[in-house]
Every structure is written in structure tokens, then in C-alpha cells.
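Written below as C-alpha cells is the structure these notes are about.
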Amino acid sequence: MSRRDWYTSGIREASASSNAVYRSFSWRGTGDVIAPDSAQFWEPGQDFNRTYGVIVYTHQDGGYVWSIREPFVKLPFICEVSKAETYRVRDGYRDFDYGLAKIDLARVEKGPHFIVQPHSTLIVGNTQSAKLECVAVANPEPVYSWFKGEQLETRITPQSGRYAITNGKLVILKPTESLDNGKYQCVAENKFGVIKTNVVHLTFGPVKYQWYKRRNAQFVRPQFQKYMFISQYGRLYFSEVTRADEGKYHCIATLTGVTRYTLGTSQSQSRTSMPIQLHVHDQAPIADWGPVIQDEFIAVFPNLPLVGHDVRLECFAYGTSTSDFHYSWTREGAMLPKHSELSDHNRVLVIREARLEDQGVYTCHVQRESIADHKAVDLKLGAKPYFITPIHNQHADIGAALTWRCDARASPAPTFLWMKNGQVIRSDPKLFMRVNHNVLVISKLDPDLHNGMYQCAVSNVHGTSLSEGQLRVLEMAPNFYKYPLPPSTRVPKSGNATLACRPEGAPEPTITWFRNGVELSLLRNEADTRESDGYLTLTSIQDSDAGRYTCKVENSLGVAENSTELTVVEGTHITVAPEDQRAPVNNTVFFQCSATHAPGSDMIYQWKFNGITIDFHRHPEYQIVS
């Protein structure tokens with residue numbers, strides 16, 4: 001039985017019961033949930049209890065079916081796009097100069113785009129000022145506003161004298177916790193629309209604890225007094241108390257900074273508690289007991305550990321301290337992370353800038369001579385939403401459709417919200433707009449309804465991240481400003497050649513080819529020519545194929561023509577040469593090169609970068625696709 005498989009965009013990322021399996025799959029391209037009545041498409045015997053998987057399109061002798069695969073096998077991928085959006089695939093990346101003669105992009109008018117986002121800032125002690133800053137590029141220059149409050153309902157104005165706003169920089173003079181603690185957001189605006197930054201926090205504080213015994217102000221030093229332990233919570237523990245430990249103890253709480261966005265005096269504010277009396281009652285000591293890990297341990301700090309932040313695991317045991325306790329840590333099924341470190345007699349494990357792959361079951365082991373105890377904790381990390389694929393500017397044809405996808409990850413799973421010019425978008429058939437989780441679909445683009453600045457907001461309990469893009473709905477007569485045909489083209493006799501007609505226009509123009517003024521479809525040797533997306537392919541070229549070839553393009557706004565004189569010769573010639581490209585960072589760029597050659601001879605393409613031949617084995621970022 002012959003069989004061929006292709007990945008589709010049908011995915012299931014969260015676990016689902018077998019009763020709800022059909023609802024758990026959706027098409028990534030549109031966000032549409034796969035309907036329950038699609039069961040007839042499934043290949044029999046599928047395991048619907050898998051926690052995740054990808055729908056694979058499978059061709060068997062009996063026809064086409066769906067099956068579920070884990071995305072680890074290398075397979076081809078099917079890309080399906082509606083006819084109304086084929087211009088996006090054919091034209092590739094469009095920029096603000098689409099349809100215009102070659103111009104300086106820096107002078108083109110465009111909406112705002114943030115290049116500097118503000119950061120949450122921690123204030124420790126006293127400081128003269130605090131600064132939050134956002135920077136956006138735009139033409140005309142953007143106007144900035146700042147908002148604060150739990151719902152970001154208060155617009156900040158300089159009138160109070162405590163605030164100064166210069167472009168996107170907000171300066172708060174002599175900040176205090178009672179007046180300035182809370183959420184902040186920057187907004188940038190010009191005539192094309194409005195965008196907002198991520199929400200940031202101005203906070204005061206965290207606290208670090210120290211203890212001392214009142215008699216002679218003896219500070220508790222667990223590094224020397226191994227039977228004592230100070231938790232991140234501030235509690236002081238004794239593995240075993242003796243008469244020598246009796247006395248009055250004081251706790252010192254000190255404000256301290258933990259991030260590089262920390263402001264304040266070098267001498268942090270601190271407070272000392274009232275004396276706490278420890279009474280030790282006389283009783284017969286218990287010999288040779290423990291170690292027993294105390295009930296409050298393993299303790300995890302912070303309570304909601306986050307990806308990208310330090311995570312602290314603490315372990316402490318009670319027991320006789322006549323001999324040393326030896327602590328160690330293990331991780332189920334893996335080594336401890338390389339970026340982790342042990343401290344405080346191995347009672348503390350710190351994972352620096354924790355990553356999602358650091359999740360797992362961690363076990364603390366403590367041993368005294370031949371007696372041992374252990375306890376485990378299942379470490380789960382949360383993650384503020386981050387973008388896999390941020391949204392980008394869209395330059396789309398009038399009357400066409402647009403599917404805009406926002407791809408982000410978070411833990412726990414995020415929710416998605418779309419905004420236009422700072423206002424939440426809801427599905428509205430009258431506006432031809434449909435919001436489907438992380439996908440925005442506009443079925444019929446209209447510049448009066450849809451031009452503006454759009455943002456995708458992705459949120460979970462750990463915060464919100466935003467990505468922005470400008471939508472320009474284009475309408476223009478077709479032209480050949482950027483990609484004209486060469487005045488002349490030389491092709492080999494009996495060989496093949498491709499002529500590229502690449503107009504720019506909106507709506508998408510129709511393309512018709514002529515030779516010596518006669519439409520090609522009317523000529524007798526039509527079998528030796530093929531037209532596809534503006535590319536004209538000539539096969540088995542003969543002297544009779546020489547002549548003037550004209551590409552005529554037309555849409556509702558106008559007509560344009562472009563011609564090349566084709567000459568039939570002997571030998572090899574480049575008919576489609578690489579052209580300058582402009583693309584965003586991390587995007588894929590295609591360079592096209594096509595050459596003609598005499599039949600019976602081999603042709604080898606060689607690519608160079610800055611004059612040096614590209615080694616495709618050493619540099620896999622370069623690929624020859626056809």
C-alpha cells in the first residue's frame with residue numbers, strides 16, 4: 001500500500017478527554033475549532049487520549065484521511081490559503097514602499113512602532129526620582145501619554161509638579177509608596193493610530209531578614225552555626241535547642257533590591273522587631289533522633305516561580321546536632337540544571353534565571369551517619385506571555401481578505417485580545433471582522449473601515465505582553481517601477497526560458513502575455529508555453545519564438561505594459577537574475593535565479609555572498625529550495 005503524509009496546521013496543545021477531542025483541535029492558520037462532525041475524516045484507530053499532537057494529512061490507496069502524529073518526524077507540510085489571500089503568498093514581503101518608485105523608506109509616513117519598552121522598577125529606600133521610558137519610531141513624530149492606576153484609568157499630567165514628561169520619558173520626583181506604587185503604561189500616537197506599551201509596575205521593596213541575640217548583640221550566622229537556619233520568609237529555625245540558645249532575639253527587616261531595574265539609596269531602610277523571648281525548658285535530651293525534614297520544607301521562593309527569574313528551594317531538618325547533617329539534591333530523570341548553585345551547607349538550591357525545561361521533581365536528601373530522610377517537590381514554573389511570532393505591518397489589497405495571526409506562549413495558557421487604535425476589537429459582521437482567539441480575520445478590506453494601528457494583547461496571571469502592527473489597505477493602478485522586464489533577453493535554441501512579469505498594484509491585477517502584439521493564448525504553439533502567477537515559461541525554444549514579448553497588467557484603477565525583446569542564440573544565459581531584497585530581521589528571504597542552456601548539457605548554479613562561495617553544509621541557514 002502506497003502512503004504519503006503531510007503535516008497540517010491542525011494542532012492540540014492542551015490535554016483533552018476522548019469525549020472532547022474534536023473540540024480540542026483547531027487550525028493554527030485561522031484559529032477555527034475543528035467541528036465535531038468531522039469524524040468521518042479520521043483514519044480508524046486513532047489515539048484521541050494523547051495530550052497533544054498534530055493532524056497529518058495522509059494519502060492512502062483508499063483516499064485521503066486525517067491521523068494524529070507527534071511533531072518529531074520530518075515530513076512535508078501542506079499550506080492552504082484562501083483565494084482572496086493568495087496575493088500575500090505570491091508577492092511575499094511588502095513594505096511601505098509597495099507600489100512606489102524607489103524611495104528612501106526613512107522618509108515614508110507610517111504609524112508608531114515601539115523600539116524601547118518601559119521596565120518594571122523597584123525602589124529601595126529613598127531616591128530623588130524614578131524614571132520610566134518608552135521610545136517609538138514614527139513619521140510624523142508620535143505624541144506620548146502616560147497612564148497609571150489599577151485599571152490604568154488616570155492620565156498623568158505635569159501640572160502637579162511631581163511629574164515631568166519629555167517625549168516618552170516619565171520622571172517621578174521623590175516617589176513614595178503611598179502615591180506612586182502601582183501599574184503604569186505608555187501610549188504613543190500619530191495620525192495613523194494609537195499603540196500601547198506593556199504594563200509595568202513601580203514597586204517598593206522586597207525584604208531581607210537577619211536575626212541577632214540581644215546579649216552582646218550576637219548576630220545569628222548559619223554559616224558557622226550549622227544547627228540554625230534563616231528562611232527567605234524570615235523565620236529562624238533550630239534543628240535542636242539547648243540552654244545556650246535561650247534568650248531574647250530580634251529580627252531585622254531590610255528593604256533590598258533584586259533586579260537591575262532598582263533605584264534607591266545605597267543605605268537601605270531597615271526596621272528592628274521588639275525582643276522575642278526564647279525559653280528552653282529542662283528535660284531529658286532525646287538521643288540520636290532525626291534527621292526529620294521539617295513540615296514547612298521543601299519551601300519554594302517566590303510562591304509563583306517564573307521563567308527568567310531566580311528560583312530558590314530551601315530544605316531544613318530537625319534532629320540531634322551532635323553529628324553533622326549532610327544535605328544533597330537530586331532531580332528526577334535529569335541532572336540538576338547547570339545554571340543552579342548550592343549554598344548554606346547545601347540546604348539551599350538556587351536556579352538562576354530559570355527556564356521552562358528546569359521544571360520537574362526535585363528531592364532534598366539529608367543524612368546523619370546511617371540515618372536519612374528525604375522529601376520531594378514538583379517544581380512548576382509560570383511564564384509571562386512571550387511572542388513566538390509577533391504581528392507585523394500589513395500592506396493588503398482593497399477588497400481582499402486578511403488573516404492576522406498572533407502566536408504566543410505562556411504558562412499557564414494565555415488569553416488573547418485584539419485592539420485597534422487602543423480600543424478592543426469584537427467580532428462584527430458589519431465591519432467584516434471576526435476575532436477567533438489569537439486570529440483576526442477581515443474578510444473584505446476597506447481603507448475607511450480598517451486602516452489603523454492594531455495590537456495583539458496576550459495575558460495570563462503573570463502579566464500582559466503586546467505586539468503591534470499597522471494595517472494599510474492599498475488601492476493603486478498597476479506599475480513596473482521596481483521590477484521591469486529587461487530591455488532584451490537572450491535564450492538558447494532548443495532550451496527553456498522563463499520571463500517574469502512582476503507588477504505592483506492593488507487590487508491584484510490580471511496578467512496577459514503578448515508576442516509581437518498577439519495574445520499568446522491565440523498562437524498555435526500554445527503547448528510550448530506556460531503561464532503561472534505572471535511567469536511565462538517557454539520550452540523547446542526555436543527561432544520562431546524570437547520577438548517582442550509584452551506583459552499587460554490591469555486592475556480596476558488602470559492598465560500598464562512592459563516588454564522585452566527576446567533573441568534566440570546558442571549557449572547559456574541568465575534570464576531571471578537575483579534582485580535586491582528588503583525584509584525584517586529573522587524573516588526568510590528568497591533570491592531567484594533562472595538560466596537557459598542548450599539541451600544535453602548540465603547546468604550548475606553557484607551562489608556567492610560578498611564574493612565568497614556559500615558552503616551549504618557549513619551554513620545551514622542557506623538553502624537551495626528548487
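Only heavy atoms go into these numbers, but all of them, side chains included; no hydrogens, no water, no symmetry mates.
In this structure the side chain of Tyr163 never reaches within 4.5 angstrom of the side chain of Val171, judged on heavy atoms. Looking at heavy atoms from C-beta onward, Val553 lies out of side-chain contact with Thr510 at the 4.5 angstrom threshold. Residues Thr203 and His201 form a side-chain contact, since some pair of their non-hydrogen atoms from C-beta on lies under 4.5 Å apart. With contacts defined as side-chain heavy-atom distances shorter than 4.5 Å, the pair His462/Leu304 qualifies. A heavy-atom distance below 4.5 Å is not found between the side chains of Leu466 and Thr197. Side-chain contact between Val194 and Met453 is absent, with no heavy atoms from C-beta onward closer than 4.5 Å. Side chains of Tyr209 and Cys251 form a contact here, defined as non-hydrogen atoms less than 4.5 Å apart. Side-chain contact between Gln470 and Asn451 is absent, with no heavy-atom pair separated by less than 4.5 Å.
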Apply side chain to side chain contact (heavy atoms under 4.5 Å, CB included) to residues Phe147 and Val187 and explain how you reach the verdict. CA-CA 8 Å; Phe147 293 83; Val187 176; 3.8 Å; yes
Would you please test Ile195 and Phe114 for side chain to side chain contact (heavy atoms under 4.5 Å, CB included) and show each step? CA-CA 8 Å; Ile195 57 173; Phe114 286 115; 3.5 Å; yes
Check the pair Trp607, Thr613 against side chain to side chain contact (heavy atoms under 4.5 Å, CB included), reporting the backbone distance first and the verdict last. CA-CA 6 Å; Trp607 287 86; Thr613 301; over 6 Å; no
Show your reasoning for whether salt bridge (Lys or Arg N to Asp or Glu O under 4.0 Å) applies to Arg312 and Asp344. CA-CA 12 Å; Arg312 177 184 172 104; Asp344 203 340; 5.2 Å; no
Does the pair Ile172 and Tyr184 meet the rule for a side chain to side chain contact (heavy atoms under 4.5 Å, CB included), with working shown? CA-CA 12 Å; Ile172 305 172; Tyr184 290 78; 3.8 Å; yes
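Of the candidates Asn198, Val135, Val200, Asn198 is the only one forming a side chain to side chain contact (heavy atoms under 4.5 Å, CB included) with Gln117.
A salt bridge links Lys380 with Asp378: at least one charged nitrogen is closer than 4.0 Å to a carboxylate oxygen. Classification of Glu353 and Arg355 as a salt-bridged pair fails, no side-chain N sitting under 4.0 Å from a carboxylate O. Salt bridge Glu579/Arg502: present, at least one basic N to carboxylate O contact under 4.0 Å. For the pair Arg426 and Asp428, the salt-bridge criterion is not met [side-chain N within less than 4.0 Å of a carboxylate O]. Contact check on Asp180 versus Lys174 returns no salt bridge, with no Lys/Arg side-chain nitrogen under 4.0 Å from an Asp/Glu carboxylate oxygen.
The nearest pair of heavy atoms linking Pro305 to Pro302 is CD-O, 3.4 Å. The two residues Ile123 and Ala130 come nearest to each other via the heavy atoms CD1-CB, 3.9 Å. For the residue pair Ala410 and Pro385, the shortest heavy atom distance occurs at CB-CA, 3.6 Å. Of all heavy-atom pairs spanning Trp418 and His437, the tightest one is NE1-O, 3.4 Å. When every heavy atom of Phe590 is checked against every heavy atom of Gln581, the shortest pair comes out as O-NE2, 2.9 Å. Nearest heavy-atom pair, Leu381 versus Ala354, reported as atom, atom and distance to 0.1 Å: CD1-CB, 3.9 Å.
For the atom pair CD of Gln394 and NE2 of His450, the computed distance is 13.5 Å after rounding to the nearest 0.5 Å. In this structure, the separation between CG on Leu449 and CG on Leu471 is 11.0 Å, given to the nearest 0.5 Å. To the nearest 0.5 Å, atoms CD (Glu189) and OG (Ser145) are separated by 7.0 Å. Taking CD of Gln455 as the reference point, atom CG of Asn421 lies at 9.5 Å (rounded to 0.5 Å).
Between His395 and Phe96, a ring centre-to-centre spacing shorter than 6.0 Å is recorded. With ring centers used as reference points, Trp404 lies under 6.0 Å from Tyr454. You'll find the ring centres of Phe301 and Tyr233 inside the 6.0 Å limit.
Remark: Ser459 pairs with Thr464 by the side-chain hydrogen bond (donor to acceptor under 3.5 Å, both in side chains) rule, at least two apart or across chains.
Arg405 and Thr389 form no side-chain donor-acceptor contact under 3.5 Å, judged by distance and modelled atom types alone.
The aromatic rings of Tyr622 and Phe616 sit perpendicular, their planes meeting at an angle over 60°, well past the 30° parallel limit.
Within 6.0 Å of CD in Gln423 there are 12 or fewer heavy atoms belonging to other residues, nucleotides or ligands. Within 6.0 Å of NZ on Lys444 lie no more than 12 heavy atoms contributed by other residues, nucleotides or ligands. Within 6.0 Å of atom NZ in Lys169, 12 or fewer heavy atoms from other residues, nucleotides or ligands are found, so the atom counts as exposed in its surroundings.
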